[in-house]
There are 2 protein chains.
Amino acid sequence: MPEASSPTRKRIVDAATKLFYAEGIGRVSVDAIAEKAGLTKRTLYYHFKSKDDLIAAYLDARDQPNLKQMAGWFDAAEGGADRKVEAIFTNLARVARHPKWKGCGFLRTAAELASMPGHPAVKAGSRHKTNFEKWLAAELSARGVTAPHMLAREIVLLMDGAFSSMLIHHNPDYIGAAGHAAATLVRARSQNKD
Amino acid sequence: MPEASSPTRKRIVDAATKLFYAEGIGRVSVDAIAEKAGLTKRTLYYHFKSKDDLIAAYLDARDQPNLKQMAGWFDAAEGGADRKVEAIFTNLARVARHPKWKGCGFLRTAAELASMPGHPAVKAGSRHKTNFEKWLAAELSARGVTAPHMLAREIVLLMDGAFSSMLIHHNPDYIGAAGHAAATLVRARSQNKD
DNA sequence: TTGAGTATACCGACTAGTGAATATACAAGC
DNA sequence: GCTTGTATATTCACTAGTCGGTATACTCAA
């Protein structure tokens, strides 16, 4: 029984992360991941019982770093909640311009595994999106916005729409429009609008 | 050189449509499509020069039927533009409850082909989404809504977000929330709000 | 007789996953 | 201080099957 904190396991997940995000789940072979991690496929299968397990581990490992990234952008922005929310989209549009950007790994994996709704990786993606929505609702609530949960959900919808539109059009304007709409929604529910 | 209007070609595209939508691009083999269409792989390759070409043909064939579906829901709904827009989401939430529903084929294909940005199928998806946005802007404009193009884009973002959220959470509430937000945005830009 | 359309049979490359052997480390018995 | 036992961790070689795509030959209608 391999250890969950094994450094070898981490090396495998790191290699899988790079390849899965860059190429997509279905286009990456277990052999390619093993080679990238600098070990044999048999060792990989010692640490993970299947490719599906490894896909789920890849997304689980992305949950906290991704949330921290969003929270960092939110915290660093000056101004009210509207400006802080819009800052997330502005930063998103910036990184989405990089040629290595390939959309949201959680959404892309869910799209690729649409025919397997109970797949552990889809569940990991659902957990992550829920974590983000809850974090955002708490931040909005702390700033006295009315109906913070409904607002957080609307912002999440705009953000996932922005991810999708950017992926299909390759045009960051869609992310900008989503950020603008999100900021407007926040302002409509804020006090002290002087 | 095969005919573009060949009934054999149509049979192939129909078979590909069912399989690609149900299983995803990468999980469907050319052999499986040929078998479903009731002919051999060699015949398929007589009509399409590659699998990539067939993927693009699949999405191109979905453009008009999809637009007609949306327009049908919009036209059939009673009330103002806000109610008509919300009706699209309500109908979407209804069909999304069906176990055969597997998200938006255009978005799922773009997600699966994220590592090939210039792929003809991604371009076909981009064209379709643009067609929908333009149609919606025209309908909104005809009803005297202010800033119809910006509004149409925001509604498109909410809709693509709804597709994505439904795919990852399997919870139609997200589509309902998107429809509610879209209707609110329309009302905020409508005259005669009595 | 020509050529569009279809069928059989095949190619080399790649796929996820496994069997059997082995290297390494550390503990217990003497 | 040795030796043996055991669990963890790793490798090589392999299976059985699938992949997209093609070479060749056939049918049938104009």
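Just so it is clear: chains get the letters A, B, ... in the order the sequence lines come, proteins before strands, and each one is counted from 1. Quick caveat, the model's predicted, so the values are computed rather than measured.
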S.K.: Can Asp14(B) and Lys10(B) be said to form a salt bridge (charged side-chain N to carboxylate O under 4.0 Å, His left out), step by step?
M.R.: CA-CA 6 Å; Asp14(B) 286 350; Lys10(B) 185 177 182 310; 2.9 Å; yes
S.K.: Can you check the Ile33(A) CD1 to dC14(C) P distance for me, whole Å?
M.R.: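 Checked: the CD1 to P distance equals 16 Å.
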S.K.: For the CE atom on Met150(B), are there more than 12 heavy atoms of other groups (residues, nucleotides or ligands in this structure) within a distance under 6.0 Å?
M.R.: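 Open.
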S.K.: For the pair Lys51(B) (side chain) and Ile25(B) (backbone), establish whether a donor and an acceptor sit closer than 3.5 Å, ignoring hydrogens and angles.
M.R.: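 Indeed, once roles are kept as given, a pair shorter than 3.5 Å links the two residues.
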S.K.: Mind running a 4.0 Å heavy-atom check of residues 10-22 of chain A against DNA chain D and sending the residues that fall below it, in number order?
M.R.: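 Listed by number, there are none.
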S.K.: Just by distance, do the side chain of Lys84(B) and the backbone of Asp75(B) share a donor-acceptor pair under 3.5 Å?
M.R.: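 Answer holds: yes.
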S.K.: Can you sort out which residues in residues 108-122 of chain B have a heavy atom within less than 4.0 Å of DNA chain D? Ascending by number, please.
M.R.: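 When residues 108-122 of chain B is checked for heavy atoms under 4.0 Å from DNA chain D, there are no hits whatsoever.
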S.K.: Quickly work out the Arg9(A) CZ to dT10(D) P distance and round it to whole Å.
M.R.: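 So the two atoms are 13 Å apart, to the nearest Å.
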S.K.: Return a single string for nucleotides 19-30 of chain D, one symbol per nucleotide in 5' to 3' order, where B is base contact, S is sugar-phosphate-only contact and - is none, cutoff 4.0 angstrom on heavy atoms.
M.R.: SBBBBB------
S.K.: Ser190(B) side chain to Val186(B) main-chain N or O, any donor-acceptor pair under 3.5 Å?
M.R.: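 Side chain of Ser190(B) to backbone of Val186(B), a donor-acceptor pair under 3.5 Å: yes, one is there.
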S.K.: Quick check against the 3.5 Å criterion: does Arg143(B) have a side-chain atom that pairs as donor or acceptor with the backbone of Glu139(B)?
M.R.: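 Yes; at least one donor-acceptor contact below 3.5 Å.
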S.K.: Are any side-chain N or O atoms of Lys102(A) and backbone N or O atoms of Ser115(B), one a donor and one an acceptor, separated by less than 3.5 Å?
M.R.: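 Looks like no, no N/O pair under 3.5 Å.
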S.K.: Looking at Glu78(A) and Arg83(A), is any side-chain nitrogen of the basic one under 4.0 Å from a carboxylate oxygen of the acidic one?
M.R.: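 Here Arg83(A) does not pair with Glu78(A) in a salt bridge, since their nearest N and O are not under 4.0 Å apart.
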S.K.: Calculate the interatomic distance between Leu39(A) atom CG and dA23(C) atom P; express it in whole Å.
M.R.: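 Leu39(A) atom CG is separated from dA23(C) atom P by 18 Å.
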S.K.: Closer than 3.5 angstrom, by distance alone: can the side chain of Arg189(B) be matched with the main-chain N or O of Val145(B) as a donor-acceptor pair?
M.R.: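 Absent.
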S.K.: Under 4.0 Å: is that the gap between some side-chain N or O of Thr8(A) and OP1 or OP2 of dT10(D)?
M.R.: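 Answer is yes, contact under 4.0 Å.
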S.K.: Under a 4.5 Å cut-off applied to non-hydrogen side-chain atoms, are Arg127(A) and Asp63(A) in contact?
M.R.: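 The answer is no; the side chains never approach within 4.5 Å.
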S.K.: Side-chain N or O of His47(B) less than 4.0 angstrom from OP1 or OP2 on dA4(C)?
M.R.: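 No, no such contact exists.
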S.K.: Does dT10(D) have OP1 or OP2 sitting under 4.0 Å from an N or O in the side chain of Thr43(A)?
M.R.: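 No, no such contact exists.
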S.K.: Do any N or O atoms from the side chain of Tyr21(B) and from the backbone of Gly103(B) form a donor-acceptor pair under 3.5 angstrom?
M.R.: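 Here the side-chain-to-backbone pair exists.
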